[in-house]
Every structure is written in C-alpha cells, then in structure tokens.
Amino acid sequence: MRYLIVGGVAGGATVAARLRRLDEQAEIILFERGEFVSYANCGLPYYIGGTITDRSDLFVQTKAGFTKRFCVDVRVRHEVLSIDSAQKLVRVVDLLSGKEYDERYDKLVLSPGAEPLRPAIEGIDSDKIFTLRSVPDTDKIKTYIQRRKVKRAVIVGGGFIGLEMAENLYMAGAEVFIVEMADQVMAPVDYSMAAIVHQHLLSKGIHLMLGNGVTRFEDRDEELCVSLSDGKQLVADMALLSIGIRPENQLAKSAGLQLGERGGIVVNDYMQTSDPDIYALGDAVEIKNLVTGKPVMIPLAGPANKQGRIVANNIVFGNKSVYRGAIGTSIAKVFDLTVAAVGTNAKQLKKANIPYMESYTHGASHAGYYPGGAMLSVKILFEPDNGRLLGAQVVGQKGVDKRIEMLAQTIQRAGTVYDLAELEHAYAPPYASAKDPVNMAGFVAENILQGLCRIITWREVSSLGEHVLKIDVRTPKEYQAGTIPGFVNIPLDELRNHLDELPKERPIVVTCAVGLRGYLASRILLQHGFTDVRNLSGGYRTWNIASHF
C-alpha cells in the first residue's frame, strides 16, 4: 500500500509514525511545505522569551531522525499543488528546484493546518509586523528583537498566543501594548473570568487597549506607528498579529472535497472526507462539538494528535476507530496566572439558544492551613433541568491544570454537577482540600438546582431597584475595606439578632466575600419566613473584579 501525507507537524507526523508501527511493509511519503517536521509549535513563544534556551529543544524529530526511525520518505520544502482523485494522483513541486512531478496514492491524508489571519489593513506588509505559526516565524522574530533591541511592542489580538507572546516579549525587555477589538482578552472564557486576567496584566505593566482595533500601520524610519479605531496612536518597534487563523483549505477545495460553513474540511466519524480514499485532520477540519453537537473548528495540538492515531488505525484496519468529537480543553500561562477553559461559554450557549445556569466559586488551591496556597476562581455553566455540565473556566496561580482536567472529564462523559459533587480526588494538604474546589462548584450548583439557594449574578446587581434590601454579611472590617454601593452591613454571626428588624415583604439580596457566607445567610432567612432571598454568586470578589474592567 502507498500512503501519502500532506503536512508534517503535529497531525501529519503522528499519522506517519502510527502507520509505520501498524504496517511495516507500506510505502509512506510525507510532504511538508516548510523546512521542518514534527516540532513543538506550542513552545515557540517560550523560545522567543528565553524560557526555552536551546532551539533544538523545539524539535520532536528532525527529518533525518524521522526517516531513520520510521523509514518514512520525508520530503521537506515540497508542496502538494493539486489532487486528481479520479486517478489517485497528487501534483507536487520541489520548492528548491521548481521541478513538478506526480505521485500515486492508495490513501491520502491531509493535515495542512491553518494560517494566521492578515486583514487588509493599510501598511500591514511592513517588515516590522510579524505573525507566529512556525519555526521560521520564530527565528525571524527572535533575530529582529535581538538585532533591533526592541523596547516597545504592539500585540494585535488578546487570544492565547497573543497573551503568551505578551509575557515573553515582556521577558525579553519590551514594553507591551495589547490591542483587542472585543471588551476582553481570552475569548474562551467569559468576561467575569477574563477580568481577573485584565487585572493581572495591568499589575505587570502590560497596557490593555480593549474594545479597540487597528485602522492603519505606518513605517516611520526605525519605528512603526499603529493607529487605533479610537483615534489613539501607538509608536512601537514591532507589532505581532494574533487575531486568529483560518484553515488551509485550498488544496481540499480545488479537489472538490466538501467544506463546512467556516471553510473547514468536512470529515465523518472516521476522519474521512467526502472522498473515501482521502482522510483529513488537525486545524483544517471541522469536528463535532460534544456539548452542542454542532460542527466546530478546534485548532489544538491534543485533538490533532488523537485524530492522527485514529486516521492511521482506519487506513490500516478499515473504518473501525471513531473520533467522537472534542470539547476544546485549553490552558495558558499568563505571567503568574494560569487560565483554562473547557466546553462552551455563556456567549456560545446564548448563540446556540441553549438554556443554562451559571455559578462562581472561589477557593484555595490546597488546604488552607498548609502554607503556600493560592486562590482558584471557578465558573461552571450547566443545564437548568438536569444539571448537565456544559462548560467550565478556571483561573488561578496553582492547581488550575488539575481542576480543568477534572471538569473536562465530566463534560466529555456528559456528566452533571451532581457528578462534580461526587468526584473522588487525590487529597493531601499540600495538593488539595478535603472538599476540592471542583467538589465545591458541584455542591453550589446542586444547591441551586435543588432550590436551596437562589442566586443573582454580578451583572444583575446594577439593575436592583430601591425596593430591594441589600445586605453584606461580611465582618465590619471587610465591609469598610470596600463594598458594593447600596449594601448595608449585617455580619453573618449577628444576622439572627436582627431578623425582627428586616421586612419580610421586600426582596433581599445578600453578599459576602466569595458566596459561602451569603449562602448561609440566605438559608437562615429562608427558614425564618423570608421568601424572596437571593445570594450573589461569587460574592464581592467576583463583582469587584468584573465590574471594574
């Protein structure tokens, strides 16, 4: 059998290696348009910033190493120009010599990846403007930074790559400006969670230009002038575009393969395209979102590698291995914070018209009495009728990765908030609490669904009328340090002494630091005849951060 693979980074390299392990006799040819195969593109920002000091550490395998170990014919600097599916031929060009030739296949695998967006903005072709997607991109940026001794950098786009580069450019000695058209960074998380990131970025000296876009770039000798939609101008030594990617679909389109609404290659459960002899995977394909059931593009290395294994299995053994879909589990380091998300967020659920409830919890990364703990903020979204977990977001300094994976496993198995309450985790004081933050998120959601507690979100606080009695149940010292306007202070431990003074006919909203004491206060009030009581989800902490950014 003769297998051809287009694209040699995460997905394509995985397919090639797996095919060889399954079929020692097959002829396998891998075409890579670039110079390198099987490299860690997720590690590129950290090489630029100096965390990864040795460039060779970025390479999982070299062309020579891959060829020797897996006996694969690796052809770098070779681009596949077209596919003749009727004759089962591909047209290839050697980019060094310019020579074109045909290769026959029994099965063809497309793993072309995606390319960074470069919108039609005046001046965008300046040599001071970069994108980051490949090793050559990385070399170009690092050389430029060192040669020009970059002191000011503008990052256009506040996604994961943009924020990772903000940190690494900062570590390389640059003053960094982030320009983002949305009102928040990190689109996978909701605004209230992104606000924690905003606060942290500002504390590090990063300049945030939210709700802003770039209208023009202009070269001015050694400087780059960046004009913004609000009329401001930034003068910098360089700019990095990180505003998204689009699938490399030209080859598939010209071959007549079915494409989705967003331009991704349509595949079935076996990662097979509309041509049964052509498979596709990675950043260029549409897959199923396991929460919504809708087609989605999830350009992450984890899904691409898993898809590669499934593609190889199905090519060798026939279509038996199924790729069920993905839930978009993602995580990023932003200076001292870790930000993670899985499943769907509120914006996506509203767009899909999926009913949901949400709750916020804040807790320590491990037992409070053991030194070194840090605050973890958790937001979960769940179905109102059965408690099915739809999405989760975690932000903190320690233990975020562990928690997002606990939440991801629950979502992947269509689990509920009741499952979160029952999750068994590894507990010892240096690593967790007996009631883990994920358990606590489940407990809180369980209380909401069972009617033990009604909640109000931080956005709804500003619309509360004068008829609503607002009570802050923290200690007087906490209250004096800052409270929500209009809230009066009745400490939780004194609440029972003031019940006769409170009007039962008025609605009541209670708050505390993070929601726990507010819950206790609401239970006291409800069991003493107060019927309209709501607790602020996430407490003063969530309101204070989210309402100030």
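Start at 1 with the first residue, then count along the sequence.
At a cut-off of 3.5 Å, with distance as the only test, no side-chain donor of Thr273 or Asp275 sits close to an acceptor on the other residue. Using modelled atom types and a 3.5 Å distance limit, the side chains of Arg18 and Asn313 yield a donor-acceptor pair. A donor-acceptor pair shorter than 3.5 Å cannot be found between the side chains of Gln272 and Asn314.
For Lys333, the side-chain contact (heavy atoms from CB on, under 4.5 Å) partners two or more places apart in sequence, or in a different chain, are Tyr46, Glu167. Residues forming a side-chain contact (heavy atoms from CB on, under 4.5 Å) with Ala13 (at least two apart in sequence, or on another chain): Ser38, Phe66. For the salt bridge (Lys or Arg N to Asp or Glu O under 4.0 Å) test, no residue two or more places apart in sequence or in another chain qualifies with Glu286.
Residues Phe59 and Phe36 bring their aromatic ring centres within 6.0 Å. Annotation: Tyr170 is in aromatic contact with Phe335 [ring centroid separation under 6.0 Å]. Between Phe130 and Tyr144, the ring center distance clears the sub-6.0 Å criterion.
Atom NZ of Lys204 has more than 12 heavy atoms from other residues, nucleotides or ligands within 6.0 Å. Other residues, nucleotides and ligands contribute at most 12 non-hydrogen atoms within 6.0 Å of the CZ atom of Arg324.
Salt bridge absent: Asp94 and Lys99 never bring a charged side-chain N and a carboxylate O closer than 4.0 Å. Between Asp277 and Lys88 there is a salt bridge, since a side-chain N of the basic residue sits under 4.0 Å from a carboxylate O of the acidic one.
When atom types are taken as modelled, the side chain of Glu180 and the backbone of Ala182 share a donor-acceptor pair closer than 3.5 angstrom.
Both cation-pi conditions hold for Lys142 and Tyr47: the charged atom is under 6.0 angstrom from the six-membered ring centre and inside a 45 degree cone around its axis.
Between Phe31 and Tyr101, the ring-plane angle classifies as tilted under the 30° and 60° cut-offs.
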Inset, instruction - Please assess Asp419 against Thr410 for the test side-chain hydrogen bond (donor to acceptor under 3.5 Å, both in side chains), listing each intermediate value before the final yes or no. - result: CA-CA 7 Å; Asp419 295 319; Thr410 304; over 6 Å; no
